[in-house]
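Each remark here refers to the structure printed beneath this line.
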Amino acid sequence: MYNTQILSYVTFGYFVVFFAYLLMMVAKKEFFGKFASFLSIFVFIWHTVGIALRWIESYKVGLGHAPFSNFYESLIFFGWAIMLLYIIMEQKTKIKTFGALVTPIAFLIMAYASFSPSVNSKIQPLIPALKSNWLVAHVITCFMGYAAFGISMALSIIYLLKEKSKIANAIEELNYQMIIIGFVMLSLGIITGSVWAHYAWGSYWSWDPKETWSLITWLIYAALIHSRMVRGWRGKKIAILSIIGFLCVLFTYLGVNFLLSGLHSYAKS
Amino acid sequence: MFWNLFKSVKLAVFLLITLAVVAIIGTVIPQGEDAIRFAMKLDPKLFQLFSTLGLFDVYHTLWFRALLGLLCLNLIVCSLDRFPKTWKRIKATPPIDANKVFEDIDTDQIIRIKIDFMEAVKRIRSILEERFKHIKSKFNNNSAFFYVEEGWYSHMGVYLVHLSIIIILLGGIIGSIWGFEGYMNILEGEKKNVLRLTRKMKFIRLPFFVKLNKFRVEYYQNGVPKEYESELLFIQDHKQVKKRLKVNHPVTFEGITFYQASYGVSVGNRVYIKIINNALNKTYETELFIGKPYRIPNSKVIITILDIKEDFAKAGPAVILSVKKEDKEKKLILFKDIQIAKKRLPVPMLNSPIFNPSSIRPYTFIVKDIPTKYYSGLQVSRDPGVPLVWIGFFILIFGLVITFFTSHRRIWVRILKKGDLLEISVAGRSNKDPVSLSKRIKEIAKAIKETSYV
């Protein structure tokens, strides 16, 4: 399969991008920054090609479904969503320092997907419950949300490290923007999942562990947003809450699959 | 006191976090039917405590619902408390000739041109008219002020979000009071009107019958099910309606919705058995029904099928046979596939006479076939709260978008006479999102600059 091959090259690509951002920070030369930005977009395009090719190739093997249906595909899309949001953020703000913290996250996710023996990269047939148009909407919104929360976590770590620096305020504002994107996307993800569950399982909410953990995550971020909007919390407190929130995201995504059983159990393979 | 407590956002944050923590408990402690195995391992005192607190069914306990109720109350009081102030803020028009907003503005918000004062007023008015509905203006001796605003509804987003949460929870309450949720397993050819309610040891009777005419399942090459569907016939009095039920495509009859949830294979009440009389070297084959005795030809031995197990000791389908010979009764357990049983069962167990098909001399009993039937697992529910939940979802998304992605912007344009030059400045205030405000201001300033060259 060409798609897995391309995607494993993309993994290395992100490592090189990470290295370029590091070089930019150490050498403090603008050239490396430009190079890193260019390279990140270049690798991201190949990442997109890989996913599109996987979609096409799934039709060639006679299964024909969107590449959002198993654990491998979700990791690949998670990495893609993180890079998409990162590239948009970099283009808008023209700040490149976050690259050295975000690209290794994308690299690690891609490396886990491509090289871990426990992750099956084969295109697998869809079980009947997954055959629905809601699948695409549900997965895209959820993982866009996860990605935004992931970037927010990275920004929070940078904030905690550089609390006294000049760009601290800018980081704080950006962090909040990411949380908002994540919150809206997570809400959409829960809602699309809920509507889908109504058609597939006969109930829009059944307290399945994944549903419950997504709600827990939603509640944590809702608390964060209220603290900031109404109670005026800024900076450190928000950064810490955002890190806690992302831990919930990770548990929703991975912990539930591996530690708890439930209706979402097909996400394991 | 009550009002002050419930209007606080502190309480809201506290409730949100509490709900999150309680929800975590519910995913750590097995819930509902999974709880039984876990509960058996618990210390009796701890079990008593858990069960009193309802920890085996957290999400349906009274206190969990009370927490949700408190959150609703909090939402309502908070919203009622804040709404009048918000409305006032929307309605209030700040002074039109506010010089203060023009302090410390960027240089690209200021345009200096040599143009007739009245001409400038006309052009600026037309630029603003292209962009805003209502323009307020004020003229002084040496200056002119314009005031416009947009996005007042941005303040409403929060209230919509809160309203949507209440609507969704209301939908949930309606569903739990006037709806039901249950399931039935129905065999091919069977007709049923009883279903078991989820989470309850209770059965209810539908006002009509459901018959499973046919069940079909299709597999991928690797043995994973690709698609399965039930051909259902709904029967009410003289009305008969045929419907096809597939996964992800529920069907509704008389307001009750059926979902294809699962399927399985079930044994019936008959088996085909082969009896070898080793002494006479004779073989008999026959069909046997549960509980119906059968006398082996040319003998006084009577055999009866006591039970047919779909899966006995995890070694596949098996038949429990009683063999009566001269008032002495012996039991045999015969596996459909003896090879699988040999692999799965421990040797000492297999050596016991009860598992030995030749232990009753001079006979050997062999199960030729256990006919099986498909059963279809149907989730059956009626939930009058669903439309309300859908409306709530819609308002929630709409409200979130308004809250986070729109802002209430107030923009002023001032024309000052400075010698033979005019100084035109654009400034603004916004309830959030300063970035898009400054974009808007710069866009207006640019338009003014461009028109002044004409």
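Proteins come first, then strands; the chains are lettered A, B, ... in the order of their sequence lines, and each starts at number 1.
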Inter-chain contacts: residues 171-183 of chain A against chain B, heavy atoms under 4.5 Å: A/Tyr176, A/Ile180, A/Phe183
Greatest number of heavy atom pairs closer than 4.5 Å to chain A - which of B/Phe393, B/Tyr59, B/Phe14, B/Phe258: B/Tyr59
Engaged part of B/Glu181 at the chain A interface, taking heavy atoms whose separation is under 4.5 Å: side chain
Interface moiety of A/Trp134 toward chain B, non-hydrogen atoms closer than 4.5 Å: neither
Ring centre gap for A/Phe149 and A/Phe246 strictly below 6.0 Å: no
Side-chain H-bond candidate by donor/acceptor type, A/Ser206 with A/Trp201, under 3.5 Å: no
Any side-chain donor near an acceptor of the partner, B/Thr27 and A/Trp213, under 3.5 Å: yes
A/Leu224 versus chain B, the contacting section by heavy-atom distance below 4.5 Å: neither
Side chains of A/Ser121 and A/Thr4, donor plus acceptor under 3.5 Å: no
From CG (B/Leu163) to CD1 (B/Ile391), nearest 0.5 Å: 10.5 Å
Side chain to side chain donor-acceptor pair (under 3.5 Å) between A/Ser69 and A/Gln124, worked out: CA-CA 8 Å; A/Ser69 70; A/Gln124 285 156 325; over 6 Å; no
Portion of B/Lys10 that has a non-hydrogen atom of chain A nearer than 4.5 angstrom: both
Heavy-atom closest pair, residues B/Phe215 and B/Ser230: CD1-OG, 3.5 Å
Residue pair B/Tyr228, B/Ser376: steps toward the side chain to side chain donor-acceptor pair (under 3.5 Å) verdict: CA-CA 9 Å; B/Tyr228 48 97; B/Ser376 180; over 6 Å; no
A/His138 side chain vs A/Gly189 backbone, donor-acceptor pair below 3.5 Å: yes
Closest-packed option against chain B by number of heavy-atom pairs under 4.5 Å, given A/Ser194, A/Gly62, A/Pro125, A/Ser203: A/Pro125
Best-contacting candidate, B/Ile397, B/Leu19, B/Val224, against chain A by heavy atom pairs under 4.5 angstrom: B/Ile397
Chain A neighbours within residues 66-83 of chain B, where any heavy atom lies under 4.5 Å away: B/Arg82
B/Ala23 versus chain A, the contacting section by heavy-atom distance below 4.5 Å: both
No-hydrogen, no-angle side-chain donor-acceptor test under 3.5 Å, B/Thr257 and B/Ser381: no
Partner chain B: residue of A/Leu126, A/Leu63, A/Ile220 with the largest heavy-atom pair count (under 4.5 Å): A/Leu126
From A/Tyr146 atom OH to A/Tyr253 atom OH, the distance as rounded to the nearest 0.5 Å: 8.5 Å
NZ/B/Lys243: more than 12 non-hydrogen atoms of other groups inside 6.0 Å: yes
Portion of B/Gln221 that has a non-hydrogen atom of chain A nearer than 4.5 angstrom: neither
Region of B/Val389 that comes under 4.5 Å of a non-hydrogen atom in chain A: side chain
A/Lys237 and A/Ser227: side chain donor to acceptor below 3.5 Å: no
Partner chain A: residue of B/Asn248, B/Leu16, B/Val13 with the largest heavy-atom pair count (under 4.5 Å): B/Asn248
Mutual orientation of the aromatic rings belonging to A/Trp207 and A/Trp205 [parallel < 30°, tilted 30-60°, perpendicular > 60°]: perpendicular
Greater than 12 external heavy atoms within 6.0 Å of B/Phe405's CZ: yes
Exam field: side chain B/Ser8 to backbone B/Leu11, donor-acceptor pair closer than 3.5 Å: yes
Options B/Val386, B/Val9, B/Leu400, B/Val401, ranked by heavy-atom pairs under 4.5 Å with chain A, top entry: B/Val9
